[in-house]
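Each remark here refers to the structure printed beneath this line.
From a predicted model like this one, the values you see are computed outputs, not experimental measurements.
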Amino acid sequence: MARIRCVIERITYQNPENGYSVLRASMNNSHDLVTVVGSFPDVSVGSVLQVEGEWKNDKKYGTQFKAERWEETMPATVYGIEKYLGSGLIKGIGPKYAKKIVSVFGKDTIEVIEDDIEKLLLVDGIGKKRVQMIKESWDRQREIKNIMLFLQGYDVSTAYASRIFKTYGEKSLDTVKENPYRLADDIWGIGFLTADRIASKLGYRSDAPTRLMSGLLYTLNRLADEGHVYAREDQLITEGIKLLESDEDHIRKALESLEESLRVIRDGDAVYLPAFFYSEKGIAERLGMIVRTPLQLSSGIRPDFDALERETGVEYDDMQKDAIVSCLTEKVMILTGGPGTGKTTVTLGMIKVLGRSGLKILLAAPTGRAAKRMSEACRMEAKTIHRLLEYRPQEGYQKNDKTPLKGDVLIVDEASMIDSVLMYALLKAVPDEMRLIFVGDIDQLPSVGAGNVLKDMISSSCFKVVSLKKIFRQARTSRIIMNAHRINRGIYPEINNQKGTDFYFIKEEDAESCALDIVDLVKRRLPGFSRVSPMDIEVLTPMQRGPVGAVRLNQMLQEALNTEGEFLTRAGKMFRTGDKVMQIRNDYEKEVFNGDIGIISAIDQGARELSVMFDERTVIYEQQELDELVLAYAVTIHKSQGSEYPVVVMPVMMSHFIMLERNLIYTGVTRAKKLMVIAGDTKALAYAIKNVKADVRNTKLEKRIREAIEARQ
């Protein structure tokens with residue numbers, strides 16, 4: 001096996017999933033750059049590698065060094081040291097300062113930083129503040145490198161090293177060695193299977209109680225990710241046996257241990273994670289208390305519809321009038337309806353009637369984008385539920401049962417998106433006297449989180465529900481709205497692409513051709529046709545993976561729309577100034593949440609940071625936090641819930657087969673405000689519209705609501 005020592009000059013390709021990379025590197029005995037291929041997760045330009053492997057001659061790409069094993073070393077030459085420090089790996093040193101430092105200390109540079117860092121003050125332009133920044137970053141990188149070396153020995157992606165260090169600090173290695181299964185609980189992105197691989201190599205037995213309990217908790221969390229609030233006991237045992245390859249007796253003993261330690265709660269045949277049990281039970285109890293607390297305003301008051309219609313210029317039909325009357329007579333009510341049926345118009349009417357009655361109104365929505373839309377439509381402030389409840393990192397919700405919200409009426413839009421845990425947090429902060437009005441479209445996709453709260457509330461038959469069916473006269477001119485209703489009824493949409501329509505279908509049966517078509521639509525054809533910028537066009541796709549999945553389309557759209565300017569890379573992903581990006585996990589410290597979309601406004605190469613503008617608020621990310629972001633030129637339809645975009649392009653192909661169903665297509669179409677373009681296969685679209693999956697989620701909320709309200713009668 002051959003051995004080479006090289007300096008990474010360029011990372012041509014890197015797969016974030018498995019770390020497979022194509023590197024261009026310099027070697028002492030070669031004038032030209034050499035190509036090195038293999039698994040190199042989390043290496044950066046400037047890294048010095050000792051690589052073992054063999055030279056191969058690829059027919060397409062020429063001579064390559066195929067790596068089998070590698071380790072990172074400190075550079076030995078002045079050039080290598082400058083390249084290493086200038087790569088941005090160390091916060092406070094960019095290319096400019098790297099050149100200055102190396103010009104002063106030469107080959108002794110690494111030794112100076114390690115043993116006598118105060119000497120950096122001799123370098124022109126470097127002060128005490130920068131020296132401290134460099135020291136902290138250097139120490140941090142040293143610890144992270146130790147974790148990376150450990151993870152490499154267990155075939156685990158070293159991209160997790162920064163997260164592990166951020167969570168456990170200097171105790172990282174000791175913590176992981178003591179109980180590797182903690183990684184699955186504590187580190188976002190590391191699941192049970194990865195932790196289990198480490199544990200196996202550390203000598204954990206397959207029937208170790210710690211392993212079995214961790215596997216059962218993983219199974220419960222996986223089911224929660226699929227929307228289930230609990231697992232049936234037989235379901236959990238069956239899944240546990242399959243995952244853990246253990247016998248039923250051992251699995252049942254592990255489940256009993258989890259129950260004894262209160263890490264799970266059993267309720268009949270249902271096994272809950274505690275957060276979901278208390279949320280489901282708490283939602284029912286709070287709704288029961290609220291709905292049974294008498295109205296403060298007399299229910300005999302009726303709105304003056306003549307005056308209201310003169311003021312708003314809207315002629316309300318009987319169903320809409322019923323909804324507006326109900327906001328005065330009901331403690332809890334639900335307003336549902338598809339696009340164009342007047343949910344926003346009715347909500348405005350409610351606000352005016354309630355306001356005239358002297359009631360203080362609060363408006364909220366689950367996401368920042370939905371809250372912003374609600375503010376614009378209702379012409380008064382709407383907050384995200386997290387902001388309404390004044391969430392603070394480390395401290396939790398400041399508005400709760402001890403310090404409730406102040407107001408008389410709470411109107412919540414996009415209520416179908418609210419999962420069990422968030423709904424319970426909201427209801428805890430609602431005083432018993434407050435009226436609750438939930439607005440939503442139950443035909444859209446259900447919440448991403450566990451539960452089906454709005455549907456369960458409606459199914460309980462315990463609350464006033466007004467379902468708007470009639471499409472507004474002006475809405476009937478929109479093919480987007482009319483086709484959305486056709487799709488929702490299982491009828492194929494009208495796709496004749498007639499002049500002046502706002503709904504187009506581009507027939508494309510080949511996935512590769514479809515992807516190229518989408519790029520051309522976003523970059524060239526649609527901006528001129530609809531007079532919007534490419535950034536106002538959102539590509540919504542059923543899946544993350546595949547030739548027309550979000551990952552590949554984002555790469556193609558970034559290359560087509562934004563190829564110049566400053567950039568940072570992380571785990572094979574490149575982020576440039578001007579890129580559209582999306583947050584993919586709730587980050588309570590930054591106050592950005594799963595699904596929030598922003599634009600990269602600035603990149604600081606020296607500090608290894610980038611700034612993202614989210615709705616006029618700037619959020620700063622360090623390089624190791626960039627795995628919380630993905631490009632958002634294309635997003636999955638699931639991630640688009642609660643949003644509206646001027647122009648939507650949506651691929652629908654048979655390669656999306658596993659995801660194709662009616663409410664997915666309906667949700668995608670109802671995101672478009674001005675123009676909707678579907679690109680794809682007519683067979684795939686027809687299949688999706690006919691495919692109605694029974695979205696059965698394990699939840700007992702409907703039953704609990706009825707019991708809670710009956711108990712208070």
Side-chain angles (χ1 to χ4, degrees), residues 16 163 186-191 221-229 273 275-276 279 364-373 383-389 391-393 396-397 412-426 440 444-454 538 540-544 549-551 554 570-571 573 575 579-600 612-615 617 619-621 625-645 664 667-668 671 697:
R163 290 186 215 157
D186 299 341
I187 311 296
W188 176 70
I190 297 183
N221 276 298
R222 183 171 54 76
L223 288 168
D225 289 341
E226 294 171 10
H228 300 294
V229 179
L273 291 167
F276 297 123
S279 293
T367 67
R369 289 165 293 161
K372 187 177 180 184
R373 274 179 41 222
K383 296 180 178 178
T384 63
I385 294 173
H386 285 91
R387 272 192 63 215
L388 182 76
L389 300 181
Y391 185 88
R392 290 183 196 160
Y397 296 107
V412 184
D413 198 10
E414 296 288 357
S416 63
M417 294 179 65
I418 306 175
D419 61 37
S420 297
V421 173
L422 185 57
M423 182 63 88
Y424 181 44
L426 177 64
Q444 288 183 24
L445 293 165
S447 60
V448 174
N452 212 342
V453 179
L454 189 66
E538 193 61 52
L540 303 183
T541 178
M543 296 178 73
Q544 281 283 359
V551 173
N554 270 314
R570 171 72 175 166
K573 294 184 292 187
F575 298 96
D579 273 338
K580 184 159 53 169
V581 292
M582 181 172 64
Q583 177 79 12
I584 58 170
R585 67 178 289 249
N586 289 340
D587 190 325
Y588 296 104
E589 289 185 29
K590 289 182 168 57
E591 291 187 59
V592 285
F593 302 98
N594 190 355
D596 285 353
I597 288 181
I599 302 291
I600 297 176
V612 181
M613 184 71 75
F614 290 103
D615 289 332
R617 190 172 70 89
V619 178
I620 294 174
Y621 291 79
E625 297 173 319
L626 294 184
D627 44 17
E628 294 185 11
L629 293 176
V630 294
L631 293 174
Y633 298 102
V635 302
T636 63
I637 297 169
H638 279 85
K639 289 285 189 184
S640 73
Q641 286 176 269
S643 299
E644 267 188 357
Y645 311 98
L664 185 87
T667 300
R671 303 306 90 205
R697 295 184 167 195

SB check K580 E538 (cutoff 4.0 Å) = yes
How would you list, by chain and number, every residue that makes a side-chain hydrogen bond (donor to acceptor under 3.5 Å, both in side chains) with Q641, sequence neighbours excluded?
-> none
What's the separation between atom [atom1] in [X] and atom [atom2] in [Y], rounded to the nearest 0.5 Å?
{"X": "M613", "Y": "I597", "atom1": "CE", "atom2": "CD1", "value": "16.0 Å"}
{"X": "H228", "Y": "N452", "atom1": "NE2", "atom2": "CG", "value": "11.0 Å"}
{"X": "K639", "Y": "T367", "atom1": "NZ", "atom2": "OG1", "value": "12.0 Å"}
{"X": "L664", "Y": "L445", "atom1": "CG", "atom2": "CG", "value": "5.5 Å"}
{"X": "M543", "Y": "T636", "atom1": "CE", "atom2": "OG1", "value": "10.5 Å"}
{"X": "S447", "Y": "E414", "atom1": "OG", "atom2": "CD", "value": "12.5 Å"}

Is the backbone N or O of [Y] less than 3.5 Å from a side-chain atom of [X], with the two atoms forming a donor-acceptor pair by type?
{"X": "R671", "Y": "T667", "answer": "yes"}
{"X": "R369", "Y": "G595", "answer": "yes"}
{"X": "R585", "Y": "N594", "answer": "no"}
{"X": "S420", "Y": "A450", "answer": "yes"}
{"X": "S640", "Y": "S643", "answer": "no"}
{"X": "D596", "Y": "V592", "answer": "no"}
{"X": "S279", "Y": "F276", "answer": "no"}
{"X": "D579", "Y": "V581", "answer": "no"}

For [X] versus [Y], what's the shortest heavy-atom pair and its separation?
{"X": "V635", "Y": "Y645", "answer": "CG2-OH, 4.5 Å"}
{"X": "R373", "Y": "G642", "answer": "NH1-O, 3.0 Å"}
{"X": "L629", "Y": "I584", "answer": "N-CG1, 4.5 Å"}
{"X": "D413", "Y": "P366", "answer": "O-CD, 3.2 Å"}
{"X": "Y397", "Y": "A425", "answer": "CE1-CB, 3.5 Å"}
{"X": "M423", "Y": "V453", "answer": "CE-CG1, 3.6 Å"}

Would you say [X] and [Y] make side-chain contact, with heavy atoms under 4.5 Å?
{"X": "Q583", "Y": "K590", "result": "no"}
{"X": "E628", "Y": "D587", "result": "yes"}
{"X": "I385", "Y": "L422", "result": "yes"}
{"X": "F575", "Y": "L631", "result": "yes"}

Exceeds 12 heavy-atom contacts within 6.0 angstrom, atom CD of E589 =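 Atom CD in E589 is not packed in, count stays at 12 or less.
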Begin with the C-alpha distance, continue with both residues' side-chain angles, and end with the deciding distance and a verdict on side-chain contact (heavy atoms from CB on, under 4.5 Å) for V630 and N554.
-> CA-CA 9 Å; V630 294; N554 270 314; 5.7 Å; no
Chi angles and distances behind the side-chain contact (heavy atoms from CB on, under 4.5 Å) call for R617, E591 = CA-CA 10 Å; R617 190 172 70 89; E591 291 187 59; 3.7 Å; yes
With under 30° as parallel and over 60° as perpendicular, where do the rings of H386 and F593 fit, or are they tilted in between?
->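 Plane angle under 30°, so parallel.
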Given side-chain contact (heavy atoms from CB on, under 4.5 Å), test V412 with L426 step by step and report yes or no.
-> CA-CA 10 Å; V412 184; L426 177 64; 4.1 Å; yes
